[in-house]
Amino acid sequence: MNESKYERYAGAYSQSRFLAKVLNQAKSIGASLLYKALQLFYVAQKPEVPKKVKATIYGALGYFILPFDVIPDMIFGVGYGDDATALLVALGIAHMYIDEDVREQAKQKLAGILGEEALHGLDA
């Protein structure tokens, strides 16, 4: 996805819509993808992250929130593939701002949603 697509989806992002999707569809999203989305969620809240990086994050999270995108999320097995791509691109752009504190916040939230067992095998 290029920058203009991220900007288009950034308008779909809101903290409440993101958290609602995470809580309502956590099991179908999966622990690994959810962990990546949560890292982006928490890193976007850091004041030192540049606005351009935040815009990319919000675009990726906005795309993630929308149920009807390139591949609708309801299609079992492939529905979150395009969402994963958007999140991974944003993670690549934001990686230098993701520190241990962000990872820990994401892990704590993930454990609160899916249980401690969801943390096994997660990559940093």
Side-chain angles (χ1 to χ4, degrees):
M1 296 178 66
N2 63 34
E3 189 173 63
S4 64
K5 289 183 182 178
Y6 278 104
E7 291 170 353
R8 178 176 50 188
Y9 291 110
Y13 174 78
S14 76
Q15 187 171 351
S16 61
R17 288 180 70 196
F18 172 76
L19 292 173
K21 177 150 187 169
V22 164
L23 294 173
N24 292 331
Q25 298 182 20
K27 289 184 181 177
S28 64
I29 294 169
S32 180
L33 185 58
L34 191 52
Y35 177 57
K36 289 170 178 41
L38 287 167
Q39 284 183 60
L40 289 171
F41 173 76
Y42 286 114
V43 78
Q45 296 177 32
K46 293 176 70 171
E48 65 269 21
V49 175
K51 289 180 183 181
K52 189 170 184 173
V53 174
K54 287 183 181 188
T56 301
I57 292 169
Y58 293 143
L61 293 177
Y63 189 83
F64 176 71
I65 290 168
L66 294 173
F68 298 104
D69 42 39
V70 174
I71 302 172
D73 295 343
M74 289 134 324
I75 299 175
F76 181 74
V78 295
Y80 288 104
D82 57 330
D83 299 86
T85 301
L87 294 176
L88 288 172
V89 169
L91 279 168
I93 292 169
H95 78 279
M96 69 180 65
Y97 303 101
I98 298 174
D99 55 18
E100 192 54 41
D101 184 50
V102 167
R103 287 187 204 76
E104 189 57 36
Q105 288 178 41
K107 285 179 181 177
Q108 287 178 9
K109 186 68 165 180
L110 182 64
I113 296 168
L114 293 176
E116 290 290 326
E117 63 278 356
L119 301 179
H120 300 294
L122 287 181
D123 295 331

Nearest heavy-atom approach of Val49 to Lys54 is O-CE, 3.4 Å

Determine, step by step, whether Leu91 and Ile57 satisfy the side-chain contact (heavy atoms from CB on, under 4.5 Å) criterion, reporting the C-alpha distance in whole Å, the side-chain angles of both residues, the deciding distance to 0.1 Å, and the verdict. CA-CA 8 Å; Leu91 279 168; Ile57 292 169; over 6 Å; no

Nearest 0.5 Å, please: how far is CZ in Phe41 from CG in Leu61? 8.5 Å

side-chain contact (heavy atoms from CB on, under 4.5 Å), that's the test. Do Lys46 and Asp99 meet it? Break it down for me. CA-CA 11 Å; Lys46 293 176 70 171; Asp99 55 18; 2.8 Å; yes

In terms of heavy-atom contacts, Tyr97 and Val102 come closest through O-CG2, 4.3 Å

About how many Å separate NZ of Lys36 and CG of Leu33, when rounded to the nearest 0.5 Å? 7.5 Å

One should read off an interatomic distance between Leu119 CG and Gln108 CD, to the nearest 0.5 angstrom, of 9.5 Å

Are the side chains of Gln105 and Leu38 in touch, meaning some heavy atoms are under 4.5 Å apart? no

Quick one: pull up CD in Gln15 and OH in Tyr58 and give me the separation to the nearest 0.5 Å. 8.5 Å

Mind listing the closest non-hydrogen atom pair of Leu87 and Phe64 along with its distance? CD1-CD1, 3.9 Å

Could you check Glu100 against Arg103 for salt bridge (charged side-chain N to carboxylate O under 4.0 Å, His left out), going step by step and ending with a plain yes or no? CA-CA 5 Å; Glu100 192 54 41; Arg103 287 187 204 76; 3.8 Å; yes

Nearest heavy-atom neighbours spanning Ala31 and Ala118: CB-O, 3.7 Å

In Å, rounded to the nearest 0.5 Å, how long is the span from OG1 of Thr85 to OH of Tyr63? 8.5 Å

Spacing of Tyr42 atom OH and Lys107 atom NZ [to the nearest 0.5 Å]: 14.0 Å

Nearest heavy-atom approach of Ala90 to Ala60 is CB-CB, 3.6 Å

